[in-house]
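Working notes for the structure below.
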Amino acid sequence: MTVKHAPNQPYLDTKHRFEWEQEETLVDRRRKLPYRIRRFIRSTWLWLFIGGALVAALFDAGVMTFLITVMGFVVQLLAIILIFLSQFVLMFWFLGRSRMYTIMPGAEGVSFADYRGQPEILEQARQIVMLLRGVRAYEGAGGEPLNGLLLEGPPGTGKTWLGQAISTEAGVPFFYVDTSSLQAMFMGMGAFKVMRMYGRARKAAKEYGAAVVFLDEIDAIGSRSGVSNVNSGGWGGANGGFFGGGDMGLLSTMLIEMSGFSLEHGWRARLRAWWYKTILRRKPPKPERRVLTMGATNRIGALDPALLRPGRFDKKIRVDVPDMEGRRDIIAYYLSKMAHDDSMDPSILASETPGYTPADLKYLLNESLRYALFSGRRYITYADFQRAQPEHEMGLRAPIKHMSEEGRRRLAYREAAKATAVRLFLPEHRIARMTIIRQGSKFAHITYYPAREAYQGLITRDELLQRLKVAVAPKAAEIEFFGGNKQTLGFERGDDFNRVRQLLRLMASAGMLGTLGAAMSYSISLWGISTETTPEMKEAMEETYQRTLQQTREALRQNAHIVEALANLLMEKEELMATEIRAFFDQYGLYTPDPTMVRDGEEISILPPSPYDRLPAKAAD
């Protein structure tokens, strides 16, 4: 083999050893006897001095008296130092306590029988319980136990409830931690709280086989800004707190504790390894990772990527709002614990609460019971539910006592026009309530829901245009029945105008108003990143709005007798419920569909047979 050398490079003999390979290394030099003698003297001179002093004191009374005097002074000095240190130790021990609530096995807690509405998530939870119970068998098969479980979803969907149920079913201690309590004023205290928290959890895991640490609202400490910044410092640094920032290193310590690095490389790990290798003469076993860290957040995008990787939060479960079948199951569960009459049909209540979380449903039923008690009853009726729902969604019911007749008439025509538009353009929706009595900040409102569960991402362009017609119906009614010069700001101040803008912007950005969706640009300001529509998109949005307004005006003009009759009825009663509204529109052939759900690919009714089953096939389409 020929070796080619670079230009201007001296010739190197590649067949012999390098010159430095024959030189004496520092390790070889320190193995020689003179270096070993000097190293022994440096490591033992203090003990030799103390031993010599003790021997001299035994043979000389003067030396003994001097040593006793010096030792007395040293003891006094150590006592003073100990008093000062103990004060700081007690202070930091108190500051190092986090708000941790412990539920031990055997205590009364939440079980899987109490978790309703999410059967798929419940099946995943049962698998996790099996892993917690059979962790030894899982490790024996060569696997590593689950290290972290992240529950992500909107507030009120039952993430904490699910974590407690997993712990109860597994029969292991449950440590609930408020993550905001892990933050501290002094630098290093946050990391100390995390280490102490995991120390308690590991101690309980040794006794019960495993333990669960539940970190509620983990984004309080696990956000991207929670990592220590090398430029932080001064009064508060980058993360707040005095003396350089109390949260510096908090997330780093959390990552180390979750990965179990401290179990393998801390001083306890070294002591344990020395015991096994020196005393027991065998290889130390792997440390047991029996602490399952569960986190809950509704802002998973704000978490640091280091938390989300496998080995930290291995598994992630999305806990979303339940669908209609899930809401029906949750309502039936809570109604089983409350007195109610036959009008409280869980299927009807589920169809009228789209988007509700389990927490919302529980609160709504509690409010319904409150209305029943103040009405002199100890059981809930559907009327109580109808009174409690708008208060939960919009605020306190506060009628305007001195509104003019013209104002009441205008409100009645606006709501009547919107209800008529729902029956004309959204025939698959059910109207549950309409009123001209002020509720919260709304002078009047109408509540309507799809008869079958609808999903935002699956709504077509035609359906969006129909919803746009319903949203502009109040403005169209003012123009048609009161004149264009007598319009009010009620349309702009209410939800309808915001709804119109939102729908138009979504349709434009999706390219539904033309091939303009990709032409959107972004602007960066002090308030964040915002999208900007192009002039062509704005022109298309305005054209769509004007065309939709004109079509809605024509539809209301053709059905003016229906709008006028409904407005007069609403002015008379001020509030109409689902049964009255349905009976009114039945007179004009605008039938209301029954609530349905899709099960095994087939659409089925969730109501028992009723007189309203005469709905013609053409109207149902």
Side chains of Gln546 and Glu542: is there a donor and an acceptor less than 3.5 Å apart? yes

Here the gap from Ile166 atom CD1 to Met294 atom CE, rounded to the nearest 0.5 Å, amounts to 4.0 Å

Nearest atoms (heavy-atom pairs only) where Met324 meets Thr596: SD-O, 3.7 Å

Looking at side-chain heavy atoms only, is the closest gap between Val172 and Leu292 below 4.5 Å? no

Which heavy-atom pair separates Tyr334 from Pro358 by the least distance, and what is that distance? CE1-O, 4.2 Å

Over all heavy atoms of both residues, which pair between Phe175 and Ala211 is shortest? Give the atoms and the distance, please. CE1-CB, 4.1 Å

All heavy atoms of Leu504 vs all of Leu513, minimum pair found to be O-CD1, 4.1 Å

Flag the pair Lys418 and Glu415 as a salt bridge only when some basic side-chain nitrogen lies within less than 4.0 angstrom of an acidic carboxylate oxygen. no

Between Tyr333 and Asp114: side-chain donor-acceptor atoms closer than 3.5 Å: yes

Whether Lys362 side chain and Thr357 backbone form a donor-acceptor pair below 3.5 Å: no

Heavy-atom pair with the smallest gap, counting every atom of Tyr449 and Ser351: CB-O, 3.7 Å

If you compare all heavy atoms of Ile330 against all heavy atoms of Leu361, which two are closest, and at what distance to 0.1 Å? CG2-CD1, 3.9 Å

May I have the step-by-step check of side-chain contact (heavy atoms from CB on, under 4.5 Å) for Thr353 and Gln389, ending in yes or no? CA-CA 9 Å; Thr353 52; Gln389 187 176 19; 3.9 Å; yes

For the pair Phe214 and Tyr176, name the ring-plane relationship: parallel under 30°, tilted 30 to 60°, perpendicular over 60°. parallel

As a quick check of understanding, evaluate side-chain contact (heavy atoms from CB on, under 4.5 Å) for Met254 and Met258, giving each step before the final call. CA-CA 6 Å; Met254 177 72 71; Met258 289 185 65; 4.1 Å; yes

Partners passing side chain to side chain donor-acceptor pair (under 3.5 Å) against Gln164 (at least two apart in sequence or in another chain): none

Could I get the full list of ring pair (Phe, Tyr, Trp, His ring centres under 6.0 Å) partners for Tyr448, not counting sequence neighbours? His429

Hey, could you give me the CD/CG distance between Gln118 and Leu162, rounded to the nearest 0.5 Å? 9.0 Å

Above 12 or not: heavy atoms from other molecules or residues under 6.0 Å from NZ of Lys203? no

